[in-house]
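The structure under discussion appears below in the form of structure tokens.
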Protein chains: 2
Amino acid sequence: MPGEGELVGTVVTFEGELPKGYGRKKGNITELTLEEAAYLFEKGKITVREGDRILSLEEFFKVALERSPGFELRYLVYKDLKERGYYVKPSALNFRLYQRGSKPGEKPPKYSVLVVSERTPITMTELVKHLEIARNMRKSLIIAIVDEESEVTFYEAKRLELGNVGSEGVYTERYSSAGDDGSVPKSVVGVEKSTNVPASTLPARASLLEDRVVVWDEDTARKLYESEWFGKLSGGRLQLSLVEAAYLLRRGEITVEDASGKHLSFEEFVRTANSIEKDFGSKYAAYEDLRERGFIVKTGFKFGSHFRVYERREQPHSRYLVHVVPREHVFTMPELSRAVRLAQSVRKQMVFAYEDANDAAGAGGGEKAGAGSRRIKYVGVGRVKL
Amino acid sequence: MPGEGELVGTVVTFEGELPKGYGRKKGNITELTLEEAAYLFEKGKITVREGDRILSLEEFFKVALERSPGFELRYLVYKDLKERGYYVKPSALNFRLYQRGSKPGEKPPKYSVLVVSERTPITMTELVKHLEIARNMRKSLIIAIVDEESEVTFYEAKRLELGNVGSEGVYTERYSSAGDDGSVPKSVVGVEKSTNVPASTLPARASLLEDRVVVWDEDTARKLYESEWFGKLSGGRLQLSLVEAAYLLRRGEITVEDASGKHLSFEEFVRTANSIEKDFGSKYAAYEDLRERGFIVKTGFKFGSHFRVYERREQPHSRYLVHVVPREHVFTMPELSRAVRLAQSVRKQMVFAYEDANDAAGAGGGEKAGAGSRRIKYVGVGRVKL
């Protein structure tokens, strides 16, 4: 015979014994959230009345939804987690989720769970705010997305300090070599960041041809390609992308002339590149930051991202897919799902890069884009199977 | 000793013998396109002069680009195809590409190749136009995308008549079971389109709860789930998505009441759904069309698409990912690349659905959305390794 709880506003009060992990004790009364009460009700552990009226489960659901918008979503996530055997504390904001095997009272909850519908868009700024809140509570952030068919998928989001990541991430565990990454020059595999191309041959002469840059001299072309995998060799010439050319121009390793034969300064080149590619400024800033951190950075076009990023010691397969977004970027959940799914299907980690508003110098770089300024931040997002 | 061609405007004329497959014969003169001439020049088979002046390869490239915008892109694709051993006829519009092993004069070219930069957006309307043109020429359409690092990726686009496709597609060959498709009810696997749920239990009562619909009666819930895999069973209730609910409402298998207890007509339900999900109308039209063709249709959320689509005999893995777009949708190449890559990584075929402008009845269905109107068209896009 199940005990009877009483619905009072948006809580259910209960006198008597309940299984471990439900509600908050207040004297000999336990206060259950609507999600907890619904779960116990559905499992036949309690019944619920309001005043004199005994509620059916259907009535209880409808009243709960009326009083607590988003109840349906939160209940779907709560129930999913319970059925996976977790202890979880639901709330109107983020749920607190205990590590598997861990009970309330033993250790603090490990995760903060943000519940969203697949129809809920989220900006980069909001995502960063949730990360800050979770970090301040010393929890990891989990995003629980309820799709239109009421299935729940869990993603973990975390700040990454690229260069020293890898041991901590839940979703990096599956990393191993896979995917098709184009032909990595053998000379680059396993080599730590090389010394630059010998200065005697530099700067090399290059031309901007429509939306790409060509280095004409075969020796220099080969050296730039083989030392740090810049560009693509084609018949003795080197085809550089706009970000690669901007970076080499800034490092003084190439000069770039336009169709009229005029030599372009870094600033002029960036202006031209901006007219060809509208987000060139932030994309370049991330490219430079990654290169300065010692990564090899190539286009992620085949994976629908800006860059695929290699740690030298891990070649020939890239480890990260990096996509650069403005802080005001609005992620849709299907977009997030697609990017993460694709990255993980080729054993890479999906990373979103953005310029930190507190230190942004506007598009195009300029001096603030230089090495050491580190105004680019990285957020890794991966699906987790709880 | 290579022979000498003469650059005249945007062609190179050549007297003498050339390898098979280059240029157009006019008497004892061969007229080469700029791409053909550049390739032969680069390979050391010809030199080029203009008037009295002998051109260097660099000069030739720059002049070609100046006179023929897009030359650089076209040359990258032309060269790539040549180096893969194909015969190809370049032109300012689409290239004509011969099947592997086939030479000019033997059979007509099999493919029409559209050359684009990864920075070239393309609308659904344009894509459909290219498909029409290719079809009129009895060729298959290949889209050659040159990425920022000058790598070329080839995609084949084709109209699909869903329901009788499969043997013809280049990129469907790799289809086999893979991916994680959720739990398919065993009752549905291998069963041809079932008879509907027995009429005696219908229509079943359902409620719209925020952005989803719940069928309360356990027997009906189970029948709808097991007969055609509608919704998700959860504690004896059936959670339906908005498209599923609209479809069942239209078929008279459920009634839907809103939070106030009011029964919604199909039109009212569609209006409400439209306010929750902005592209509900076209999404529903495609859902209904696919269901009426006998497919099982579930959400494609985990793959970033609208639907995953099952042929009954092929379960438990879905065969297609279908994403519904308006005709004026602007595809970016990274978006196309991402969608196709993801679909193929889980052995599914990426399909874009749109409402045919000639027969569109506007959002929301109405009578024209009924079975048999077939105003939904499907375009499959897959990567091909040439």
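Note on naming: letters A, B, ... go to the chains in the order of the sequence lines (proteins, then strands), and numbering restarts at 1 for each one.
The side-chain heavy atoms of A:Val297 and A:Tyr247, taken from C-beta on, include no pair separated by under 4.5 Å. Within the 4.5 Å cutoff, the side chain of B:Phe352 has no heavy atoms near those of the B:His329 side chain. A:Ile254 is listed as a side-chain neighbour of A:Leu224, based on a closest heavy-atom distance under 4.5 Å. The shortest distance between side-chain heavy atoms of A:Leu208 and A:Leu242 falls below 4.5 Å. Here the side chains of B:Met333 and B:Ile122 are in contact, with some heavy-atom distance below 4.5 Å.
No other option in B:Arg212, B:Glu42, B:Arg237 has as many heavy-atom pairs under 4.5 Å with chain A as B:Arg212. Interface remark: of the candidates A:Ile276, A:Asp211, A:Thr153, A:Leu57, A:Asp211 forms the most heavy-atom pairs closer than 4.5 Å to chain B. Taking chain A as the reference chain and counting heavy-atom pairs below 4.5 Å, the highest number among B:Lys232, B:Arg119, B:Glu72, B:Glu66 is found for B:Arg119. For the options A:Lys43, A:Glu83, A:His306, A:Glu277, heavy-atom pairs under 4.5 Å to chain B are most numerous at A:Glu277. Note: B:Gly304 leads B:Gly304, B:Gly300, B:Ala339 in heavy-atom pairs under 4.5 Å with chain A. Chain B forms the most heavy-atom pairs under 4.5 Å with one residue out of A:Gly236, A:Gly235, A:Ser337, and that residue is A:Ser337. In terms of heavy-atom pairs under 4.5 angstrom with chain A, the leader among B:Ser207, B:Ala259, B:Gly231, B:Ser150 is B:Ser150.
Interface remark: B:Phe71 contributes backbone atoms only to the contact with chain A (heavy atom separation under 4.5 Å). Only the side chain of B:Ser117 comes within less than 4.5 Å of a heavy atom in chain A; its backbone stays farther off. Contacts of B:Leu240 with chain A are made by backbone atoms alone, with heavy-atom separations under 4.5 Å and no side-chain atom involved. When heavy atoms are compared at a cutoff of 4.5 Å, B:Ser234 approaches chain A by way of both its backbone and its side chain. Neither the backbone nor the side chain of B:Val213 comes within less than 4.5 Å of any heavy atom of chain A.
Applying the ring-ring contact (aromatic ring centres under 6.0 Å, His included) rule to A:Phe60 yields the partners A:Phe41; only residues at least two apart in sequence or on another chain are considered. In this structure B:Ser56 satisfies the side chain to side chain donor-acceptor pair (under 3.5 Å) test together with B:Glu59, sequence neighbours excluded. Applying the side-chain contact (heavy atoms from CB on, under 4.5 Å) rule to B:Thr299 yields the partners A:Glu118, A:Asp147, A:Glu148, A:Glu149, B:Phe301, B:Arg308; only residues at least two apart in sequence or on another chain are considered.
The contact list for residues 75-82 of chain B toward chain A, using heavy atoms and a distance under 4.5 Å, reads B:Tyr75, B:Leu76, B:Lys79 by residue number.
Aromatic ring pairs are classed by plane angle as parallel below 30°, tilted from 30° to 60° and perpendicular above 60°; the pair A:Tyr284 and A:Phe280 is parallel.
Salt-bridge check for B:Glu58 with A:Arg205: passed, with a basic side-chain N closer than 4.0 Å to an acidic carboxylate O.
The closest side-chain donor-acceptor pair between A:His323 and A:Glu335, if any, does not fall under 3.5 angstrom.
Summarising the local packing, NZ of B:Lys262 is surrounded by more than 12 heavy atoms from other residues, nucleotides or ligands at distances under 6.0 Å.
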